[in-house]
Colleague: 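Sending over a structure as structure tokens; questions will come in a sec.
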Amino acid sequence: MAMIEVNGLQKWYGEFHVLKGITEEVNKGEVLVICGPSGSGKSTFIRCINRLEEYQSGTIRFDGKDIHDRDVNVNSLRAEIGIVFQQFNLYPHLTVLKNVTLAPIKVKGMPKNEAEEVALGLLERVGITDQAHKYPVELSGGQQQRVAIARALAVRPKVMLFDEPTSALDPEMINEVLNVMKDLAREGMTMLCVTHEMGFAREVSDRVVFMDGGEVVEEAPPDEFFKNPRHERTKAFLKEIL
Amino acid sequence: MNYQFNWQLVLKGEYADWIVKGLVVTLKISAVSIVLALLMGTVVAVLRMTRIRPLQWLSLAYTEFFRNTPLLVQLFFWYFGCNVILPEAVNKWLYAHDYEFASGVIGLTVYTSAFIAEEIRAGIFSIPRNQIEASRAVGLSFVQAYRYVILPQAFRIIIPPLISQFLNLIKNSSLVMTIGVADLTYMARQVESYTFHGFEAFTVSTLLYLGISLIVSFAITMYNKHFMLQVKY
């Protein structure tokens, strides 16, 4: 059974048809890279999976269960599906450590000292050491994004969504974030990454999905995707960004 | 004019004690009402932010109703009008305790909370949308997200307008003398009736109000400056 099954997902923003029937399966441990021109609906698609966006038709199943099922608690669902945003969105009034421990303490009911231990472990894993007591504004963009990854991991999600995690970063900071993501992928995390980092896609993804105009135009394992894109739109897109 | 100023009269002895007693009541009723108004205002503001229509309407009706009717009328309503709809037991309890004080607190709280709710809402709107999104995305509930992420940021922003609401409440508390709460104004009035030295009595009470306001304003500003991290995005 696939971990995430998306079937005929459609969404409209008023008149605008953003998602025109997405069908996709993601297995446990799989790493998906979703790319495509801006406005193609890729961010909207992954945001539907943890119900940050509502959709009008189609179904999304997580662990075999419809995410809109009556007995699915949206907060527990979100704790199982972590997300990292383009703009980091750290809580500016809390220290780095508290940014990471807030959800484990409040959502999972973890005791404070245990949550702090977990958080420090995660911060070390993402390469943020000795900064736990600083405030987000004191960190660089790359560091903030790595803290955001640690924050998402703190509630032990089964899936991680990445919504253009490196697009707001200065070029020299992109790699430090990608390296953390690569480690995660190698450790077996199930990941859906909206990104234009094709090096990352080549290196760790199992499948690359190309979206345009609200639909999946083409998808293939990375080697095939980059060597033999079949669709004209994919070719044009790859020419633009490579 | 042969009015003899007699400052000793209100600065020493029995009449001074009256003034001090009134001052204590003013401080007490203001402090209690400020705390309650802040809580109530927060609840009313957050209700408006939910996606539940009836709660939004309730919040809107509350703010508009209490902001747009005179405080004096509201105080009279709570004091003279409200007991007819309250259960007998509650009335008995209130009469046995301090009915005037309780009505005063309710009046000041409800009136001020309507203004405070609007300030808090303005604060909430100035927090980037992605903050609520980031909090909900890790599994925090709506209430938790407001409690731990949104409101702590909003309050930092609205400290200055909140101070002026607190000061308004302190000054407005002088109206509770009309329902028989023996506050500073009531006591100054009392001194005047006994001594005919209204000038001294009301000068002293005016300066005391001024003093309280300046102290409150200064204390909060200092606290904000030194102990609260200024949020940057």
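To find a chain, count down the sequence lines: A is the first, B the second, and so on, and within it residues start at 1.
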Colleague: Taking the side chain as every heavy atom from C-beta outward, state whether Arg151(A) and Val138(B) have any atom pair closer than 4.5 Å.
Modeller: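 A side-chain contact under 4.5 Å exists here.
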Colleague: Does atom CD of Glu124(A) have more than 12 heavy-atom neighbours, drawn from other residues, nucleotides or ligands, at distances under 6.0 Å?
Modeller: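 No, CD of Glu124(A) has 12 or fewer neighbouring heavy atoms, counting only those of other groups under 6.0 Å.
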Colleague: Could you look at Glu133(B) and say if it's the side chain, the backbone, both or neither that has a heavy atom under 4.5 Å from chain A?
Modeller: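 Backbone plus side chain of Glu133(B), per the 4.5 Å heavy-atom cut-off to chain A.
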Colleague: A quick test of your reading: do over 12 heavy atoms of other residues, nucleotides or ligands sit less than 6.0 Å from NZ of Lys108(A)?
Modeller: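 Result for NZ/Lys108(A): enclosed.
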Colleague: Does any heavy atom of chain B fall under 4.5 Å from the side chain of Tyr91(A), the backbone, both, or neither of them?
Modeller: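 It is both, since atoms from each part get that close.
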Colleague: Less than 4.5 Å to any heavy atom of chain B: does that hold for the side chain of Arg47(A), its backbone, both, or neither?
Modeller: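 Only the side chain of Arg47(A) comes within 4.5 Å of chain B.
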Colleague: Tell me every residue that passes side-chain contact (heavy atoms from CB on, under 4.5 Å) with Val32(B), counting only those two or more places apart in sequence or in another chain.
Modeller: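 Leu36(B), Val105(B).
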Colleague: Please give me the minimum heavy-atom distance between Ala137(B) and Asn50(A), naming the atom from each residue.
Modeller: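 Result for this residue pair: CB-ND2, 4.4 Å.
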Colleague: Start with the C-alpha gap between His93(A) and Val149(B), add the side-chain angles, then the distance that decides, and say whether side-chain contact (heavy atoms from CB on, under 4.5 Å) holds.
Modeller: CA-CA 8 Å; His93(A) 63 302; Val149(B) 179; 4.2 Å; yes
Colleague: Determine which residues belonging to residues 67-77 of chain A lie within contact range of chain B, meaning some heavy atom pair is under 4.5 Å apart, and list them by number or answer 'none'.
Modeller: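 When heavy atoms of chain B are the reference, residues 67-77 of chain A contributes Val74(A), Asn75(A) within the under-4.5 Å range.
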Colleague: Rounded at 0.5 Å granularity, tell me how far CD in Gln87(A) sits from CG in Asn130(B).
Modeller: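 These two atoms lie 7.5 Å from each other.
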Colleague: Mind checking the OG-CG spacing from Ser135(B) to Asn89(A)? Nearest 0.5 Å is all I need.
Modeller: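 Between atom OG of Ser135(B) and atom CG of Asn89(A) there are 9.0 Å.
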Colleague: May I ask you to check whether over 12 heavy atoms, not counting those of Asn68(B), lie within 6.0 Å of atom CG?
Modeller: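 Yes.
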Colleague: What distance do Arg147(B) atom CZ and Lys106(A) atom NZ have between them, rounded to the nearest 0.5 Å?
Modeller: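 Interatomic distance, Arg147(B) CZ to Lys106(A) NZ, rounded to 0.5 Å: 7.0 Å.
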Colleague: Heavy-atom count around Arg156(A) CZ within 6.0 Å, excluding the residue itself: above 12?
Modeller: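 No, because the 6.0 Å sphere around CZ of Arg156(A) holds 12 heavy atoms or fewer from other groups.
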Colleague: Counting only heavy atoms not in Lys182(A), do more than 12 sit closer than 6.0 Å to its NZ atom?
Modeller: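 Count over threshold, so yes.
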Colleague: Just verifying a value: how many Å separate Gln131(B) CD and Leu90(A) CG, rounded to the nearest 0.5 Å?
Modeller: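 Here the rounded value is 8.0 Å.
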